[in-house]
2 protein chains.
Amino acid sequence: MEYLFHPGQRGQGMKKSARAKAASNTAGLAPPLDFDALRQSIARAQSALPRRLTQAAEYALAHPDEIALGTAASIASAAEVQPSTLVRLAHQLGFGGFSEFQSVFRDRLRLRAATYDERLRRIEQGTTDGSYEDALLNGFLTAARQSIERLSETIDVAAFARCVGVLAKAETIYLVARRRAYPMAAHMSYSFGKLSIRAVTLDSANGIDQEIVTMATAKDAAIVCSFAPYAPASLAQAQSLSERHVPLVVLTDSALSPLAAMATHWLEVSESDFAGFRSLSAGMALATALPVAVAERRRFSFPAAGPAAHGQKIPATRGIA
Amino acid sequence: MEYLFHPGQRGQGMKKSARAKAASNTAGLAPPLDFDALRQSIARAQSALPRRLTQAAEYALAHPDEIALGTAASIASAAEVQPSTLVRLAHQLGFGGFSEFQSVFRDRLRLRAATYDERLRRIEQGTTDGSYEDALLNGFLTAARQSIERLSETIDVAAFARCVGVLAKAETIYLVARRRAYPMAAHMSYSFGKLSIRAVTLDSANGIDQEIVTMATAKDAAIVCSFAPYAPASLAQAQSLSERHVPLVVLTDSALSPLAAMATHWLEVSESDFAGFRSLSAGMALATALPVAVAERRRFSFPAAGPAAHGQKIPATRGIA
DNA sequence: CCCGGGATGAAACAAATATTCCATCCTTCC
DNA sequence: GGAAGGATGGAATATTTGTTTCATCCCGGG
């Protein structure tokens, strides 16, 4: 799980000086918990606020990212006030100090970078006061959501298109995946079959995989799925295929993967985890898209001329299963 | 003008200590200027990097937001390394210190937050003005998102808990799934194995499945995953198991499923589709959660008394793979 | 088996940063 | 117009945070 540790966060034991001051704020009330509450709080206090405090508050609302990432000194300079003014503003709004005030802006940045309905979810999620199973389920669903979200933000469409191009030209597609990644290969194998695309999964229990590998040529291609800790068997087969000049399309979890180095093209799929168990949802989404994309590419661009610009948005390849 | 002052930024006069160290990095080269360059830089250095440095680098690529917003100490703690290791990593990559390294992540966060609204709009509209592959990818990612969303809205936590209860009591868990649902069984099989829970997948190619079914008793349990059009083999096996009074936990797509009728307990997983191809992301999320939940239930509630309310939110069962 | 040499962890140290204090300035009410 | 109260700026101080140092550990070569 992530976001466990928020430095400068409210809720950690207040330091003595902060505690002393917290009681002395004008409102004498609890500080706003999120950005929206803070905005309202400022609007309400607005009229009763001294000149410089108003100036600082206006700057804060106008440049929230600066507050989140800057230091008291840098912000003060940009807002043309003194650092002490920022501290006073924080106290005035009910915070124990500037750092607490700042953490609201940092949380906001975090949540913005994440997504939207995820934010709602995360806020709601703090209140899964129900059963143990409830917490587990929510944890894994959140991990799945985050994974999908991250994939759609980080996926390099051009790289995906290149992978599709490589696979569309292949005579036979070899599928390599073990252990945790295996379901991805299983699903692609099924989809390729449905789409009448020749694909072979290297998962035989009879140890003949190595012999099958030696039948692959540069005219074929392979899809290798592997995540840390990378299954030795997958690495070895990828190595063999690479040495035989078989184009390699790799789906792996980071640029640090040993597979990224030997790949012709590779895609990053980094899954979130809950309680140490990683999601597979993003990988499965990719494993669903890839075969369809290959089938479409073959329909339109192969064996005819290059990457013709065809207007359709919906694949003609129609539903299976 | 804004963003004039970036604390800890490169480009401001280097402090003496930083200058001294900057020359001593292994590469002796200029530090990466943006996140992508940094990622590549890490990938390149990867093989020559010591163990802890690799560990820190992996954490950095996996949790970029944490690096941006955290402190050296908080990050070190989360990545399970020493703060000094982070400084060493920064030096190794050509930065003058941790702060310079961190500023790359902060800049990235700034940019991300800036373009966030635009991207979100694009995703929601589905107006991917780019290539055909872009449209496909977005379609499948949207389908995955919707599936997860729907599952988290409609899932009946009590029913899930009952399923977990049934499976926790089973001596052996039989896994039944074919075709499109097969990856779910494959994944659960893997997880159960990792968790030392006895599970048997009925997917043998040698036609002995039926004989295995006859070995199941009422003390065991089965998980059947099947979606329309329901694979005949799965239906038949579910029927056999049901007749032998083996408790049946069914994961299927609607109340109309023939499997819902014969199930002891069943869960609804209805996936969205794109271009007729249904997602599997929600099902995989459920398939990830189920084995962990069973393992946890066994740890706490079994063979002791019933569904005791235990307070823990985080499973003691720790990460696999 | 012993001996370097690099890697690692822990803690001391240095720099940066937030916070507080106080003298001064403005404002406003008598 | 003068005094009192709060607001302000600037500098001193306290705290946090990043960095360096050094003793120890681990691994590979002789």
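Being a predicted model, the structure only gives us computed values, none of them experimental. Residue numbers begin at 1 in each chain, while the letters A, B, ... track the order of the sequences.
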Please identify each residue that fulfils side chain to side chain contact (heavy atoms under 4.5 Å, CB included) with A:Ala158, with sequence neighbours left out.
-> A:Asp156, A:Arg162
Sorted by chain and number, sequence neighbours left out, side chain to side chain contact (heavy atoms under 4.5 Å, CB included) with A:Ala177 holds for A:Ala181, A:Ala185, A:Cys225
Give a yes or no on whether a salt bridge exists between [X] and [Y], defined as a side-chain N under 4.0 angstrom from a carboxylate O.
{"X": "B:Arg52", "Y": "B:Glu80", "result": "no"}
{"X": "A:Glu271", "Y": "A:Arg180", "result": "no"}
{"X": "B:Asp65", "Y": "B:Arg108", "result": "yes"}

Rounded to whole Å, please give me the gap between [atom1] in [X] and [atom2] in [N].
{"X": "B:Phe98", "N": "C:dA14", "atom1": "CZ", "atom2": "C1'", "answer": "17 Å"}
{"X": "B:Gln92", "N": "C:dT8", "atom1": "CD", "atom2": "C1'", "answer": "14 Å"}
{"X": "B:Leu89", "N": "C:dA7", "atom1": "CG", "atom2": "C1'", "answer": "14 Å"}
{"X": "A:Glu80", "N": "D:dG9", "atom1": "CD", "atom2": "P", "answer": "11 Å"}
{"X": "A:Gln102", "N": "C:dA18", "atom1": "CD", "atom2": "C1'", "answer": "10 Å"}
{"X": "A:Arg51", "N": "D:dT8", "atom1": "CZ", "atom2": "P", "answer": "6 Å"}
{"X": "B:Leu86", "N": "D:dT17", "atom1": "CG", "atom2": "P", "answer": "14 Å"}
{"X": "B:Leu53", "N": "C:dG9", "atom1": "CG", "atom2": "P", "answer": "11 Å"}

First encountered from the 5' end of DNA chain C, between B:Thr85 and A:Ser84 = B:Thr85
For B:Gln82 and A:Arg88, take the nucleotide of DNA chain C holding the closest heavy atom to each; which residue's nucleotide lies nearer the 5' end?
-> B:Gln82
For D:dT19, does OP1 or OP2 lie under 4.0 Å from any side-chain N or O of B:His91?
-> no
Between [options], which nucleotide has the shortest distance from any of its atoms to the side chain of [X]?
{"X": "A:Pro50", "options": "C:dT8, D:dG18, D:dT8", "result": "D:dT8"}
{"X": "B:Ser99", "options": "D:dG18, C:dT19, D:dT8", "result": "D:dG18"}
{"X": "A:Pro83", "options": "C:dT19, D:dG18, D:dT19", "result": "C:dT19"}

